[in-house]
Amino acid sequence: QVQLVESGGGLVQAGGSLRLSCATSGRTFSSHAMGWFRQAPGKEREFVAAISGGGRSEYYADSVKGRFTISRDNAKNTVYLQMNSLKPEDTAVYYCAAREATGIMTSRILYDYWGQGTQVTVSS
């Protein structure tokens with residue numbers, strides 16, 4: 001069982017930056033691919049970014065490519081999402097997720113563990 005705890009959300013003006021963190025439990029963090037998803041009010045949860053277990057591969061949704069960066073520190077069992085040039089349409093609850101595999105996937109149904117989410121609000 002893997003427990004995930006997100007932090008770092010908040011209110012920011014358009015054009016600003018935030019860094020989300022996701023701390024995980026367990027001894028085998030590097031065996032889990034990690035992903036970030038987000039869910040805006042009235043919308044389905046959507047893929048944002050993912051990183052492989054070893055951290056060598058990353059993948060981003062087109063909507064955040066060039067603005068967001070996912071990274072991980074396997075020594076700290078933590079994954080990050082650096083969000084720059086934020087837009088009002090980035091407003092959502094952001095969720096961290098882990099897979100019982102090292103490969104990147106974009107489908108939420110392929111993730112086994114989820115955090116409770118952290119709110120990101122971008123004002124115009």
Taking the side chain as every heavy atom from C-beta outward, state whether [X] and [Y] have any pair of such atoms under 4.5 Å apart.
X     : Y      : value
Met83 : Arg67  : no
Ser52 : Thr102 : no
Ser21 : Lys76  : no
Phe29 : Met34  : yes

With the threshold set at 4.0 Å, does a side-chain nitrogen-carboxylate oxygen contact exist between Asp90 and Lys87?
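No, Asp90 and Lys87 are not salt-bridged.
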
Please report the closest heavy-atom contact between [X] and [Y], naming both atoms and the distance.
X      : Y     : value
Arg38  : Ser63 : NH2-OG, 3.5 Å
Ser124 : Ala14 : CA-CB, 4.4 Å
Val79  : Ser71 : CG2-O, 3.1 Å
Gln39  : Lys43 : NE2-O, 3.1 Å

Has the side chain of [X] got a donor or acceptor atom that lies under 3.5 Å from a matching backbone atom of [Y]?
X     : Y     : answer
Asn74 : Gly53 : yes
Glu6  : Cys96 : yes
Arg19 : Gly8  : no

For the atom pair [atom1] ([X]) and [atom2] ([Y]), what is the distance rounded to the nearest 0.5 Å?
X      : Y      : atom1 : atom2 : answer
Thr91  : Gln119 : OG1   : CD    : 7.5 Å
Asn77  : Ser30  : CG    : OG    : 8.5 Å
Leu20  : Tyr95  : CG    : OH    : 13.0 Å
Leu86  : Ser17  : CG    : OG    : 6.0 Å
Cys22  : Arg72  : SG    : CZ    : 10.0 Å
Gln116 : Leu4   : CD    : CG    : 8.5 Å

Linking I/L/V/M/F/W/Y whenever their side-chain heavy atoms sit closer than 4.5 Å, directly or via other members, would [X] and [Y] fall into one cluster?
X      : Y      : value
Tyr59  : Ile109 : yes
Trp114 : Phe47  : yes
Leu81  : Tyr111 : no
Val64  : Val93  : no
Phe37  : Phe68  : no

Gln82 versus Tyr80, side-chain donor and acceptor atoms under 3.5 Å
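The answer is no; no qualifying pair exists.
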
Side-chain donor-acceptor contact under 3.5 Å, Tyr113 with Glu100
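There is such a pair between these side chains.
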
